[in-house]
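Just so it is clear, the model here is predicted, and its values are computed rather than measured.
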Amino acid sequence: MSILRSAALFVVAALFEIGGAWLIWQGVREHRGWLWMTGGVLALGAYGFVATFQPDAHFGRILAAYGGIFVAGSLLWGAVADGYRPDRWDITGALICLAGMAVIMWAPRNGG
């Protein structure tokens, strides 16, 4: 599987993971109701399925890499959906997380 396909899976998974968490947040904190929360739970479940399509069979590695995507994606989601304005340290931290994700997922390894 190419790096491009793996990256696309990360984007789709991030949409489900962050979107699911946001829907639950909206349902509970913003009192939008059970429909929003149910959508969030379903989206989080879909995230789990998308994660299984990554080429690496090591659950810990995949989940660690998704952590980096979650950090950067959450800041972006907050900026788009809620008007949050990340500062330079938020952006710096997100870039570090993305670099870590790339090393975790795509660094050359001996023996697989």
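Closest approach of A94 to V71, counting heavy atoms only: CA-CG1, 4.3 Å. Counting all heavy atoms, side chain and backbone alike, G20 lies closest to A43 at CA-CB, 3.7 Å. When all heavy atoms are compared, the tightest approach of S6 to M105 is OG-CE, 4.0 Å. The minimum heavy-atom distance linking A51 with I62 is given by the pair O-CG2, 4.1 Å. Here the closest non-hydrogen pair linking L98 and G68 is CD2-O, 4.1 Å.
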Candidate pair T38 and L42, rule side-chain contact (heavy atoms from CB on, under 4.5 Å), full reasoning: CA-CA 6 Å; T38 301; L42 292 172; 4.3 Å; yes
CA sep, side-chain torsions, deciding dist, call: W36, W25, side-chain contact (heavy atoms from CB on, under 4.5 Å): CA-CA 9 Å; W36 285 70; W25 178 280; over 6 Å; no
Step-by-step side-chain contact (heavy atoms from CB on, under 4.5 Å) determination, L44 to V41: CA-CA 5 Å; L44 288 168; V41 169; 5.6 Å; no
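At a threshold of 4.5 Å between non-hydrogen side-chain atoms, the residues E17 and I69 do not count as touching. Residues L9 and V50 are in side-chain contact: their nearest non-hydrogen atoms beyond the backbone lie under 4.5 Å apart. Inter-residue side-chain proximity for Q26 and M37 is flagged as unmet; no heavy-atom pair is nearer than 4.5 Å. Residues F53 and R5 have side chains not in contact (no heavy-atom distance under 4.5 Å, counting atoms from C-beta outward). Side-chain contact between W22 and D82: present, with at least one pair of heavy atoms (C-beta onward) separated by less than 4.5 Å. Counting heavy atoms from C-beta on, the side chains of L15 and W77 come closer than 4.5 Å.
Neither I24 nor F16 shares a network with the other; the hydrophobic side chains, linked directly or stepwise wherever heavy atoms of I, L, V, M, F, W or Y lie under 4.5 Å apart, form separate groups for each. Hydrophobic cluster membership differs between V12 and L76, with clusters built from Ile, Leu, Val, Met, Phe, Trp and Tyr side chains linked at under 4.5 angstrom. No continuous path of ILVMFWY side-chain contacts below 4.5 Å connects V28 to I18, so the two sit in separate hydrophobic clusters. One hydrophobic cluster, built from ILVMFWY side chains closer than 4.5 Å, cannot hold both F70 and F59; they sit in different ones. Two different hydrophobic clusters hold V11 and I3 under the rule that ILVMFWY side chains link at heavy-atom gaps under 4.5 Å.
Here T92 contributes atom OG1 and D87 contributes atom CG; the two are 8.5 Å apart, rounded to the nearest 0.5 Å.
In this structure, Y47 has its ring center closer than 6.0 angstrom to the ring center of Y66.
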